Amino acid sequence: MRLEIKALSKSFGTNLVLKNLNFTADSGAALGLLGRNGAGKTTTIRIIMQVFPPDSGQVLLDGQPLRTETMSIGYLPEEKGLYPKFKIGHQLVYLGRLRGLSRSEAVTAVRYWLDRLSLADAWDKKLETLSKGNQQKIQLALALIADPRIVILDEPFSGLDPVNAQLLKTIVREQVAAGKIVLFSSHQMSYVEQFCDRVALLNDGEIVLEGDLRAIKREHARNRLLLTLAGGAARTFEQIDTLLSRQPTLRQHIQRLEPDSEGCLIHLTDQGSRSEILKQLSEQGYDIEQFRIAEPTLEQIFVERVGETHD
Amino acid sequence: MIKQQFFTVMGFEFMTFMRNKVYIGITIFIVILLALGLSAPRLVDTAKDLGFGGDPAADDPSRTIYVLNQSGYEDLYGALTAGLPEERWSAGEPEQREAYLDRVAEKEALAVLEIESDASLVWTEYRISNSGLAAMASQILTRQLQSMALSEQGLSETAIQQVLTPPAMTTHELVEEMGKSMEQTYFYTYLLLFLLYMTVMMYGQLVASSVASEKSNRSMEMLITSARPLSLMFGKVIGSGLAGLAQIAVFLVSAAGFYALNQDSWADIPFIRSIFDMPPHIIVYTIFFYLAGYFMYAFLYGALGSLASRIEDINTSIMPIMLIIMAAMFVSIFGMISPEAGWLAVFSFVPFFSPMAMFVRIAMTQVPGWQIAVSIVIMLATIWLTGWVSSRIYRIGVLMYGKPPKLNEVIRILRQTQN
């Protein structure tokens, strides 16, 4: 299956929230939907779930317009919410039935998921009596009870302890492996890097970056070098800095230097200058322990791509 | 799918009431009140049989009434004790007047009745109670004085009786011929009107606060992505309406039941009898106008509830509807004084007023069939319109957080979604 978001635009009043948005998500690979607060993620998700229509554009599933009446979507919203005073089993069955399950199907599914999430005894408890992390797990159970083919998880890790986070990771991987389309939205980039093969980065209602995560990282890595000299990471930055002040010809290849825990991060002006720098270093007799292309973290890419347009 | 969603929401909302301890508690409480109230005469009789209560005045010193007779007519005291034998009369000494008054002030005695030499009467009581004792005493004394005066004129006992017996007056209403006596209809119309008012107002408010709480605890986030807004709103309004209907049915059935059990005890009290002798079609109209009134308002309550982000905002949001309901109630109550009035007839067609106004007219007067039909058609059209407008407001309202929008903003948003 392939979910295609095509040329979505949406405005509320005079506020243009989505501007010609395009991205695709395939089954069997999670897509990280990223963006700063207010970038338009929730609006996009709501349009996919047909809470309201877009002003223009389409949401296609395998080339056909997506119909939520026939295609169930599991959703874990960023703003968590259920009835705090109702019994958990009761309200999960209710919401399962709203998504088209029969009563007995809903009961079976709810039992399965409560069991799976180690909350089997929560059926008769009121939601408000559960801890925040367990409430979050209830919310996850709700997203998955109707066995949806499209799963949208918005900040699913918030409030989870490491053990529960591990459980959630396992479940998300299973969903991906089961051939579901998984949209994953989070501000915690480390989680996105662990799950998502593809990312779509939203900024101000536009996609500023979309594609295979590894390819994107490689793309952003070309101009970054990590260098460690003998004598330790701490001294590397200092040594390189001194070298640059003596060698103005080398200086023109380098945008800036950045201290790093492993040594010194060198931002190049063009990738061709890598060999030039290596040559200069060995000519000068530096003892090189490590010289490699530094792949940026997703977080660094995020800040680089989104931070600049805002500030 | 949408149909299943609607019925699922409706069932859930209805069952939420059935599981709500407050709802169940209030229902049981009112049924108990009805049971006690309607069994009151029988309970009092039983208590008397068991030896409780008995005749209170006779052996209760604080019920003593001192009579200071300075008129010179000794017969007056006898007339009082003969006329009101249950009371604890005591012939007092005029010199002790202050002491008696003190006792009354201390609530050790009930009253002091002074009969002055010129036969004028003074009744002193700690607090004039509603029992009409003073008036009855005055009546007995007046009659005794008149009878003594006539006797002095030489009239015979039988002649005096004739002169002093007032002519009997029976009242007769012409509308009674049509089965719509004011006297008979007033009480039950009033009670049922009040029931209409309370239930429409209460269940409407419950719909509004339920929507607002779904927004404030963010369960709306899940609901709106699981079901169509139309199913959500109509399911909630209709489910809550059914819970209201169930409650009204319980009240009416238990009132009728407890009355039937105690029917004999109420035989002497015409106004209670008039309530339960109401024609059965009035019950049908009560239920119909409850439903009409409820739906007319409840959709708007739901829409306004969706505009509030927090429960605290509800009161300001729903103020306009509350005022309309109250206005409709006042119009109908005033209408009950003159149910034939032209202005009440006008209100019985005006949307939002008609369920209560038309109910008063039907209960208390003869309304031509075509007027009832026209009024009902207008009501149904109004319900359709409020349902339509409300579902549009609801769809947008449930996703809006922050300050509730002003009326003109709501209209602007509605216009936009039209296009």
Side-chain angles (χ1 to χ4, degrees), chain A residues 11-15 42-43 45-53 55 67-87 90-103 105-106 126-128 135 138-143 145-146 148 150 152 154, chain B residues 1-22 210-232 235-236 239 309 311 392 394-402 405 409-410 412-417 419:
Chain A
S11 56
F12 294 113
T14 53
N15 186 12
T42 307
T43 304
I45 291 170
R46 282 180 171 167
I47 290 173
I48 295 173
M49 303 202 68
Q50 298 184 359
V51 172
F52 42 67
D55 295 343
R67 291 183 62 235
T68 48
E69 289 87 358
T70 51
M71 171 62 57
S72 73
I73 300 180
Y75 177 41
L76 193 158
E78 185 179 3
E79 291 280 2
K80 278 54 180 189
L82 279 170
Y83 296 102
K85 303 214 177 287
F86 287 6
K87 288 183 179 166
H90 178 59
Q91 54 181 318
L92 289 184
V93 169
Y94 169 57
L95 286 157
R97 293 184 68 203
L98 282 187
R99 290 165 189 197
L101 299 183
S102 73
R103 174 171 284 283
E105 283 169 347
K126 286 183 182 173
L127 183 74
E128 61 184 358
Q135 292 194 18
I138 296 296
Q139 205 84 40
L140 177 70
L142 178 58
I145 44 174
I150 300 172
I152 301 175
D154 199 349
Chain B
M1 180 81 175
I2 286 175
K3 215 166 149 192
Q4 189 205 331
Q5 281 179 349
F6 162 74
F7 282 110
T8 308
V9 176
M10 190 180 85
F12 180 79
E13 294 295 337
F14 182 76
M15 286 316 291
T16 301
F17 275 98
M18 296 302 129
R19 286 164 202 258
N20 184 331
K21 292 192 184 81
V22 177
S210 166
V211 173
S213 74
E214 278 171 351
K215 267 186 80 181
S216 75
N217 66 27
R218 303 272 175 167
S219 38
M220 192 56 87
E221 203 75 36
M222 292 318 302
L223 292 170
I224 206 76
T225 50
S226 302
R228 299 275 138 233
L230 218 59
S231 318
L232 289 174
K236 181 181 286 296
S309 310
I311 304 282
R392 301 203 145 236
Y394 182 89
R395 243 176 45 192
I396 298 153
V398 291
L399 296 171
M400 281 180 18
Y401 284 94
E409 290 166 356
V410 174
R412 188 175 53 81
I413 293 166
L414 283 180
R415 284 235 184 93
Q416 274 183 359
T417 55
N419 306 330

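What you see is a predicted model; the values in this text were computed from it and never measured. Heavy-atom basis, side chains included; hydrogens, waters and symmetry copies ignored.
A:F86 has its ring centre less than 6.0 Å from the ring centre of B:F12.
Of the two parts of B:S216, neither the backbone nor the side chain holds a non-hydrogen atom closer than 4.5 Å to a non-hydrogen atom of chain A. Contacts of A:L76 with chain B are absent, with no heavy-atom separation under 4.5 Å from either backbone or side chain. A:Q139 touches chain B through its side chain: at least one heavy atom from C-beta onward sits under 4.5 Å away, while N, CA, C and O do not. For B:V398, no part sits under 4.5 Å from any heavy atom of chain A, backbone or side chain. Interface residue A:R46: only side-chain heavy atoms are found under 4.5 Å from chain B.
Shortest non-hydrogen contact noted between A:Q135 and A:E128 is NE2-CA, 4.0 Å.
Most heavy-atom pairs under 4.5 Å with chain A: of the set B:E214, B:M222, B:R218, this distinction falls to B:R218.
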Under the ring pair (Phe, Tyr, Trp, His ring centres under 6.0 Å) criterion, do B:F14 and B:F7 qualify, and how do the steps go?
-> CA-CA 10 Å; B:F14 182 76; B:F7 282 110; over 10 Å; no

Criterion salt bridge (Lys or Arg N to Asp or Glu O under 4.0 Å) on A:K80 and B:E221, from CA distance to verdict | CA-CA 8 Å; A:K80 278 54 180 189; B:E221 203 75 36; over 6 Å; no

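Inter-residue side-chain proximity for A:E105 and A:R97 is flagged as unmet; no heavy-atom pair is nearer than 4.5 Å.
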